[in-house]
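Working notes, beginning with the structure itself.
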Amino acid sequence: MENLIIEQIRPELTWRLRREVLYPNEPLYAMEMEEDNYGLHFGAFYQDDLVGVISLFQQGTDYQFRKFAVSPSMQNQGVGTAILQHISDFAKSQGGTRLWCNARSTATNFYYKHGFQENGETFTRKGINYLILEKDL
């Protein structure tokens with residue numbers, strides 16, 4: 001997407017979009033994770049508005065992304081693809097060899113389109129079904 005800027009942001013800047021997209025019935029304070037202190041957080045800005053967020057966590061050469069959210073008004077316009085490419089490039093530049101996530105079952109087609117594959121593990125949390133998806137970098 002043209003005119004989209006992706007940059008590293010403070011974790012608290014991810015919370016409003018996390019709640020709006022992923023957990024609309026939760027209070028804002030519930031969006032803070034202890035792990036936020038150990039990760040990197042990226043925001044996608046379009047016309048100075050924060051329209052996408054993602055949090056990235058490193059374990060050796062593995063990078064897990066979590067809390068990937070794109071504003072509903074900006075979905076299906078390439079924002080998610082741009083964010084995913086940005087963190088893939090970042091992880092690879094840092095020596096990463098694998099990128100993975102706990103994907104909501106409703107979002108798996110997006111990840112399949114970008115080369116992710118199931119590793120066979122599934123689970124349910126708070127009534128939401130997840131699959132673990134991964135790809136080599």
Side-chain angles (χ1 to χ4, degrees):
M1 169 177 236
E2 200 170 313
N3 299 322
L4 188 73
I5 298 168
I6 301 171
E7 57 189 33
Q8 192 172 343
I9 60 174
R10 296 186 322 270
E12 58 271 17
L13 293 177
T14 68
W15 300 344
R16 288 193 187 282
L17 205 48
R18 276 183 191 176
R19 181 181 67 180
E20 177 186 353
V21 176
L22 302 172
Y23 308 101
N25 298 320
E26 298 285 332
L28 185 61
Y29 69 82
M31 298 304 102
E32 181 177 5
M33 302 184 306
E34 174 64 29
E35 304 96 282
D36 280 341
N37 297 318
Y38 308 106
L40 299 171
H41 310 277
F42 296 90
F45 294 87
Y46 181 71
Q47 297 178 345
D48 294 327
D49 291 327
L50 181 63
V51 298
V53 296
I54 197 165
S55 297
L56 189 63
F57 302 89
Q58 179 184 5
Q59 292 183 316
T61 60
D62 284 354
Y63 281 80
Q64 178 191 19
F65 61 94
R66 300 179 62 191
K67 311 301 182 194
F68 187 6
V70 174
S71 176
S73 66
M74 296 298 290
Q75 291 179 5
N76 300 309
Q77 296 183 47
V79 174
T81 297
I83 294 170
L84 194 56
Q85 187 61 55
H86 185 85
I87 65 157
S88 296
D89 292 344
F90 175 84
K92 193 171 184 175
S93 77
Q94 300 299 306
T97 59
R98 184 176 82 118
L99 186 63
W100 68 281
C101 69
N102 297 325
R104 289 180 180 211
S105 59
T106 55
T108 54
N109 286 336
F110 171 79
Y111 296 113
Y112 296 150
K113 186 172 86 173
H114 295 287
F116 285 82
Q117 298 177 341
E118 296 177 33
N119 78 352
E121 296 180 52
T122 62
F123 63 95
T124 301
R125 183 182 300 140
K126 294 185 179 182
I128 299 170
N129 296 321
Y130 294 88
L131 294 87
I132 297 178
L133 300 180
E134 60 187 13
K135 77 171 187 176
D136 291 333
L137 295 174

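Judged as a side chain to side chain contact (heavy atoms under 4.5 Å, CB included), and not counting sequence neighbours, the contacts of Ser105 are Asn129, Leu131. Not counting sequence neighbours, Thr122 has no partner by the side chain to side chain donor-acceptor pair (under 3.5 Å) test. Taking the salt bridge (charged side-chain N to carboxylate O under 4.0 Å, His left out) definition, one finds that Arg10 meets it with Glu12, sequence neighbours left out. A search for side chain to side chain donor-acceptor pair (under 3.5 Å) contacts involving Ser73 returns Ser71, not counting sequence neighbours. Partners of Asn102 according to the side chain to side chain contact (heavy atoms under 4.5 Å, CB included) rule, which considers only residues two or more places apart in sequence or in another chain, are Gln64, Trp100, Phe123, Tyr130, Ile132. Evaluation of the side chain to side chain contact (heavy atoms under 4.5 Å, CB included) rule for Gln8 yields Leu40, Phe42 as partners, not counting sequence neighbours. Partners of Thr61 by side chain to side chain contact (heavy atoms under 4.5 Å, CB included), not counting sequence neighbours, listed by chain and number: Thr97.
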Show every donor-acceptor pair shorter than 3.5 Å between a side-chain atom in residues 19-28 and any protein atom, with sequence neighbours excluded, or say none if there are none.
residue	atom	partner	partner atom	Å
Tyr23	OH	Lys67	NZ	2.8

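The backbone N or O of Val70 lies less than 3.5 Å from a partner atom in the side chain of Gln75, making a donor-acceptor pair. A donor-acceptor pair is defined here as one N or O able to donate and one able to accept, closer than 3.5 Å; no such pair exists between the side chain of Asp49 and the backbone of Val51.
Within the structure, salt bridge (Lys or Arg N to Asp or Glu O under 4.0 Å) contacts touching residues 97-106 (residues at least two apart or in different chains) are Asp62-Arg98, Arg98-Glu134. Listed by first and then second residue, the salt bridge (Lys or Arg N to Asp or Glu O under 4.0 Å) pairs that reach into residues 84-96 come to none, sequence neighbours excluded.
Separating the CG atom in Leu99 from the CZ atom in Phe116 is a distance of 4.0 Å, to the nearest 0.5 Å. In this structure, Leu13 CG and Trp15 CH2 are separated by 9.0 Å, a value rounded to the nearest 0.5 Å.
Other members of the hydrophobic cluster containing Met33, listed by chain and number, are Phe57; membership follows side-chain contacts under 4.5 Å among ILVMFWY residues, whether direct or relayed. Cluster note: Tyr38 groups with no other residue, as no ILVMFWY side-chain heavy atom lies under 4.5 Å from it.
Checked against the 6.0 Å centroid criterion, the rings of Phe90 and Phe65 do not qualify as a close aromatic pair.
A single hydrophobic cluster is seen to contain both Leu133 and Leu137, as judged by linkage of ILVMFWY side chains at heavy-atom distances under 4.5 Å, directly or through other members.
Nearest heavy-atom pair, Ile6 versus Ala82, reported as atom, atom and distance to 0.1 Å: CD1-O, 3.5 Å.
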